[in-house]
Q: 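Below is a structure I'd like to ask you about.
Here is the naming used below: chain letters follow the sequence lines, and residue numbers restart at 1 for every chain.
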Amino acid sequence: MPNLLAARSQMAVSLAFHIVFAVVGIGMPLLMVVAERRWLATRDPVYLDLAKRWSKGTAIMFAVGAVSGTILSFELGLLWPWFMEFAGPIIGMPFSLEGFAFFLEAIFLGVYLYGWNRISPRAHLGAGILVALSGAVSGIFVVIANAWMNTPSGFRVVGGHAVDIDPVAAMLNPAAFSQTLHMTLAAYAATGLAVAGIHAAMLLRQPANPFNRRALAVGLLVGVPAAILQPLSGDLSARHVAEHQPAKLAAMESLFETRRGAPLVIGGWPDVESREIRLGIEVPHALSLLAFGDPNAEVKGLDTVPREDWPNVPFVHLSFQVMVALGTYMALVSLWAAWLAWRRREIAENRRLLRLLVYGTPMGFVAIEAGWMVTEVGRQPWVVYGVLRTADAVTPMPGLIVPFAFFSLLYVALAVAVVWLLRRQILESPGLPDRRGRPPLEQGVQHV
Amino acid sequence: MSDGLLPLLLGGAVMLSLNAYVLLGGADFGGGVWDLLASGPRRARQRALIADAIGPIWEANHVWLILVIVLLFTCFPPAFARLSVTLHIPLALMLVGIVLRGSAFTFRSYDSQRDDVQRRWGSVFAGASVVTPLLLGVAVGAIASGGVPPAPSGTFLEGYVRPWARAFPMGVGLLTVVLFAFLAAVYLTLEADDDALREDFRRRALGAGVAAFGAAALALALASGGAPLVWRELLGAWWALPLHLATGAAAIAALYALWTRRWRLARAAAVTQVSCILWGWGLAQYPYLLPPHLTLADAAAPAVTLRLVLGALVLGAFVLVPSLYYLFRVFKTRPA
Ligand code: HDD
Ligand code: HEM
Ligand code: HEM
C-alpha cells in the first residue's frame with residue numbers, strides 16, 4: 001500500500017470512528033438535561049432514572065470520544081505535518097477555542113457524572129446544561145476548521161508561503177455557517193432518533209412500560225425537529241458547494257458536462273470511463289433549480305476540472321445518495337411523529353410508527369458517515385481546496401501501513417468493548433429482567 | 001505590546017500548560033502506577049482509592065495535553081511538524097497508551113464488578129499508565145538532546161529511531177514515570193480517609209521521592225554525553241545554581257514533610273520540585289525550541305495569530321479557572 005494511501009486511510013478510519021462518539025457527546029447531554037429538567041418539574045422518578053441511566057452510557061462514549069479525539073489531534077501532525085505547518089497559524093484559532101470548550105465539557109461532565117449526591121439538584125442541572133452547550137460548541141469549532149479546508153480564506157499564497165494571514169477571516173470562511181449548522185443538526189437528529197428507535201423497539205415488546213414511553217418522548221423531542229430541518233440545511237450546504245466547490249458538486253451529482261438546465265440524478269451509477277451515468281432517474285432542470293434557484297442556470301461539470309484532479313466520483317456520488325435517502329426517510333418519519341404529537345395522539349401506541357422508528361435507529365449515524373465521505377473525499381486531491389494537495393502534505397515517514405493497521409485494530413477492539421458495555425447497560429433497562437434474573441437497579445456502577 | 005515579546009509569552013503558555021498537565025494529568029498516570037504496584041492487605045482499598053481520586057477529574061486533566069498540542073501547532077507550526085515527523089514512533093506509541101489508559105479505566109467502572117473482569121481492565125489501565133509517561137519523557141528527552149532536525153535524513157533507523165532510542169531520552173522517560181508516581185502517592189496521602197491507607201501511600205511516596213533523586217541524577221549524568229546543550233546550561237548558566245538549590249530544597253522538604261506527616265506541606269513541596277525540574281529543562285533549552293536548529297522566535301507564527309491566541313488564552317482563563325476551582329472544590333474537599 002503506498003504511503004499516501006495508508007495515511008489517508010488511517011485518517012479516514014480515525015475520523016469515522018471519532019465522529020460517532022463526538023455526535024453522542026453532543027446529543028446525549030441534551031437528552032439528559034431534558035429528562036432531568038422534567039424530573040425537577042414533575043418529580044416523576046422515571047425521569048431521574050432515565051437521566052442517570054443515560055449518563056452511564058454517555059460516560060462510556062465520552063471517554064472513548066476523548067481518547068479518539070486525542071489520537072486525531074496528534075495525527076494531524078503524525079500524518080500531515082506540512083498541512084499543519086501551513087494551516088496552523090491560519091486555522092489554529094478555532095482549535096484553541098475548541099480546547100476551552102473541551103475543558104468545560106470535561107470539567108462539567110465530571111461534575112455531572114460523579115456529583116449526583118454532592119451538589120444541589122439545580123447546580124447539577126446547570127452542570128448538565130454546560131456539558132450540552134460546550135459539546136455543541138466544540139463540534140462547531142472543529143467543523144469551522146474543516147470548512148476552511150473546503151473554502152479557504154483569510155490569507156494569500158506568495159511563493160508557496162501564506163502571507164497576510166487573518167485568522168478571523170479564516171474562521172468566517174464561506175462554508176463555516178452552512179457546515180456547522182448541518183453538523184449540529186445532524187448530531188441532534190442522529191442521537192435523538194437513535195434513542196427513540198431503541199426505546200420504540202422495547203415498547204413494541206412491552207407497550208405499557210413507563211420508562212420506555214418517557215424515553216421515547218425525550219428522544220423524539222430532540223430528534224424530530226432536527227431531522228425535519230436537516231434537508232433544508234442540506235439544501236443550503238449544497239448551494240454553497242455549488243458556488244465554492246464546483247468539482248465536489250459535479251462529483252456528488254455525477255455531472256460530467258457543464259450544462260444549463262442541469263437535471264438532478266437520483267440513484268444511478270456513474271461510469272467514469274464513458275462519462276455517463278447509468279440507471280439513474282433524471283429530474284429535469286432540478287439541479288440547476290436547487291443549486292442556483294433558477295431552472296436554467298449553468299452548473300459546472302467535471303469537464304471544468306483536469307481529469308487527474310477528479311475526486312473518486314462513484315464513491316462521492318454514492319455517499320451523497322445514501323445521505324439524502326436516509327435524510328428523506330428520517331424527515332418523513334419525523335413529520336409523521338410531529339403530526340401525531342400535534343393532534344395529541346399517543347405515539348407510543350402507534351405500532352406502525354414505532355416500527356418505522358426502529359428501522360431509523362442507525363440511520364442518522366450512517367448518514368453522518370456518508371455525509372463526511374462526500375465532504376472529505378469530494379475535496380480530493382486537495383487537503384486545502386485549490387491551495388495545498390494532500391500528496392504534498394503527507395509525512396515522509398516510511399511504512400505508514402504499519403500504524404494504519406495497528407490503529408485500525410485498536411479501533412476494532414474499542415468498538416467491540418463499547419458495544420459490549422452498552423449492551424450491558426441497555427439490557428438492564430427497568431422492566432427487562434436481565435439474564436441472571438437480578439433486579440436491574442442493584443447492578444452496575446459503583447459511582448452515581 | 002511589542003511583537004518581539006509574543007513568542008516568549010506563548011512559549012511560556014505552552015510551558016504552563018505542560019506544567020499543569022504534568023502536575024494533574026501526570027498524577028493520574030502515577031495513580032495507575034500504584035494500581036499496578038498495589039500490594040499488602042489493603043490492596044483492594046488502595047485501588048479503590050485511586051479510582052475514586054481520578055474518576056471525576058482525569059478527563060479534565062487530560063485536556064491540558066490537548067492544549068499543549070493545539071498551542072504548538074497554532075503558534076509554533078514548524079516545531080510541531082518536525083516533532084511529529086521525527087518522533088512519529090514514540091508519539092504514536094504514547095497515543096496507544098493514552099487510549100488504553102483512558103478507555104480501560106472507564107470500562108472498568110462500567111463493566112461487571114466481578115473480580116476477573118475488573119482485574120483484566122485494571123491491568124490494561126495500569127500497564128498503560130506506566131508506558132505513557134515513559135514515552136512522554138522519551139519525547140522530551142529526544143527534543144532536549146537535539147534529536148529533532150529540520151527533516152530526517154539517512155536510513156529509517158537514523159531518521160526515525162535513533163533520535164529517541166538512546167540512553168538520555170530513556171533516562172528522562174524513567175525520571176518522568178518516577179516523578180508522576182511520586183506526585184500521585186503524595187496526593188493520595190491527602191485523599192485517603194483512614195490512617196492505615198494513608199500510611200501505605202506515605203511509604204510509597206517516600207520510596208518514590210528517594211527514587212526520584214536517583215533517576216534525576218542518572219538523567220543528569222546521561223545529559224553530559226547525550227544532551228550537551230542542556231548539560232552546559234544546567235551547569236553553567238547564571239540561573240542554574242539557584243534553580244538546583246530550589247529543586248533540591250523542595251525535594252528535601254517533601255521528604256521531610258512526609259516523614260513528619262505534614263501532608264499539605266508535602267504536596268506543596270512535591271509540586272514545587274516537579275515544576276522546577278520542568279522549567280529547568282525549558283530554561284536550559286532557551287532560546288531554542290528544538291535545539292540546535294530552531295529557536296522559539298524562528299518557529300513562531302505571524303504576530304496576528306500569536307496576539308489572537310494570547311487574547312483567547314486570557315479570556316479563556318476567566319472561564320477556565322473558576323470552573324476548575326469548582327471541580328476540585330466539589331471533589332477534592334472532604335465533607336467535614
Ligand atoms: C443526520 C445526518 C444527515 C442527514 C439526514 C443529512 N446530512 Fe448532509 N451531511 C451530514 C449529515 C447529514 C454531515 C455528516 O454532518 C455533513 C458532512 C460535512 C458537514 O458539514 O455535514 C453533511 C454534508 C452535506 C453536504 C456537503 C457539504 C460540504 O461538503 O461542504 C451536502 C451538500 C449535504 N450534506 C446535503 C444534504 C441534503 C440535501 C440532505 C437531505 C436530506 C442531507 N444532507 C441530510
Ligand atoms: C466533525 C468532526 C468533529 C466533531 C463534531 C467533534 C466533536 C467532538 C466532541 C463533541 C467531543 C467531546 C468528547 C465526546 O463527547 O465524546 C470531541 C472530543 C475531542 N475531539 Fe472531536 N470532533 C470532530 C473532529 C475532531 C478532529 C478533526 C479533531 C482533531 C483535530 C478532534 C479532536 C478532539 C479531541 C482532542 C477531543 C477530546 C477532548 C477531551 O479530552 O475532552 N475532533 N470532539
Ligand atoms: C468527523 C467527521 C469526519 C470524517 C468522517 C472525515 C473523513 C475523512 C476522510 C474519509 C478522509 C480521507 C479522504 C481521502 O483521502 O480520500 C479525510 C481526510 C482528512 N480530514 Fe476529514 N473527516 C471528518 C472531519 C474532519 C475535520 C473536522 C477535520 C479538520 C478539522 C478534518 C481534517 C482532515 C484532514 C487534515 C484530512 C487529510 C487530508 C485529506 O485527505 O484531505 N476532517 N477525512
Side-chain angles (χ1 to χ4, degrees), chain A residues 56 59-60 62-64 66-71 73-74 76-78 81-82 84-90 92-93 95-100 102-104 106-111 113-115 118-119 165-168 395-399 403 406-407 410 414 417 421 424-425 444-447, chain B residues 48 52 55-57 59-60 62-63 65-67 69-71 73-78 80-85 88 91-92 94-96 98-103 105-107 109-113 151-152 156 159-160 301-302 304-305 308-309 312-313 316 319-320 323-324 326-327 330-331 335:
Chain A
K56 288 179 200 170
I60 298 169
F62 189 91
V64 179
V67 295
S68 59
T70 309
I71 299 187
S73 311
F74 278 86
L76 287 176
L78 294 179
W82 317 130
M84 290 315 285
E85 181 163 3
F86 177 84
I90 311 172
M93 201 53 200
F95 283 110
S96 315
L97 297 172
E98 189 202 19
F100 284 101
F102 284 156
F103 262 125
L104 292 187
I107 289 171
F108 288 102
L109 190 81
V111 173
L113 292 179
Y114 292 83
R118 287 181 184 250
I119 53 179
I165 288 174
D166 180 351
V168 176
T395 178
M397 154 104 177
F406 192 81
F407 277 97
L410 189 62
L414 282 177
L421 288 170
R424 218 178 146 261
Q425 300 287 336
V445 188
Q446 71 241 42
H447 312 289
Chain B
D52 285 342
I57 54 168
E59 293 193 68
H62 175 73
V63 182
L65 178 66
I66 310 292
L67 193 62
I69 294 299
V70 167
L71 287 176
F73 70 59
T74 309
C75 303
F76 305 100
F80 178 70
R82 292 177 192 186
L83 264 176
S84 308
V85 171
H88 190 117
L91 291 178
M94 181 176 103
L95 274 180
V96 176
I98 288 177
V99 170
L100 291 180
R101 192 282 299 244
S103 46
F105 178 73
T106 307
F107 295 168
S109 34
Y110 290 93
D111 203 345
S112 156
Q113 298 301 303
F156 179 76
Y160 297 93
V304 250
T305 304
L308 277 168
V309 172
L313 288 178
V319 183
L320 181 59
S323 306
L324 278 175
Y326 181 68
L327 178 74
V330 170
F331 293 107

Q: Of the backbone (N, CA, C, O) and the side chain (C-beta and beyond), which part of A:L421 lies under 4.5 Å from a heavy atom of chain B, both, or neither?
A: side chain

Q: Do B:H88 and A:T395 get their side chains close enough for a donor-acceptor pair, meaning under 3.5 Å?
A: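 Result is no, nothing qualifies.
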
Q: Taking every non-hydrogen pair under 4.5 Å, which of B:V96, B:L71, B:I57 racks up the most with chain A?
A: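 Result: the option with the highest number of such pairs is B:V96.
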
Q: Please identify, among B:P152, B:S103, B:G102, B:A92, the residue contributing the most non-hydrogen atom pairs under 4.5 Å to chain A.
A: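 Going by pairs under 4.5 Å, I would pick B:A92.
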
Q: Under 4.5 Å from any heavy atom of chain A, what part of B:Y326 do you find: side chain, backbone, both or neither?
A: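 Side chain of B:Y326 only, per the 4.5 Å heavy-atom cut-off to chain A.
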
Q: If you count heavy-atom pairs under 4.5 Å between each of A:F406, A:F108, A:W82, A:F100 and chain B, which one has the most?
A: A:F100

Q: Take a 6.0 Å sphere around CZ of B:F156 and say whether it holds more than 12 heavy atoms from other residues, nucleotides or ligands.
A: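 Correct, the count exceeds 12.
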
Q: In Å and rounded to the nearest 0.5 Å, what is the CZ to CZ distance from A:F95 to B:F73?
A: 5.0 Å

Q: To the nearest 0.5 angstrom, please state how far the CZ atom of B:F80 sits from the CD1 atom of B:I69.
A: 5.5 Å

Q: Is it the backbone or the side chain of B:L324 that comes under 4.5 Å from a heavy atom of chain A, or both, or neither?
A: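 Both the backbone and the side chain of B:L324 come within 4.5 Å of chain A.
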
Q: Who wins among B:L67, B:L308, B:L65 for the most heavy-atom pairs under 4.5 Å with chain A?
A: B:L308

Q: Can you tell me how far the CG atom of B:L327 sits from the OH atom of A:Y114, to the nearest 0.5 Å?
A: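 B:L327 CG to A:Y114 OH: 11.5 Å, rounded to 0.5 Å.
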
Q: Would you mind checking which part of B:T106 comes under 4.5 Å of any heavy atom in chain A, side chain (CB onward), backbone (N, CA, C, O), both or neither?
A: side chain

Q: What part of B:I98 gets closer than 4.5 Å to chain A, counting heavy atoms only: side chain, backbone, both or neither?
A: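 For B:I98, backbone and side chain are both near chain A.
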
Q: What option among A:D166, A:L97, A:I165 has the most heavy-atom pairs under 4.5 Å with chain B?
A: A:I165

Q: Under 4.5 Å heavy-atom distance to chain B, tell me which part of A:L410 shows up: side chain, backbone, both or neither.
A: side chain

Q: Measure B:Y160 against the heavy atoms of chain A and call it side chain, backbone, both or neither at under 4.5 Å.
A: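 For B:Y160, side-chain heavy atoms alone lie under 4.5 Å from chain A.
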
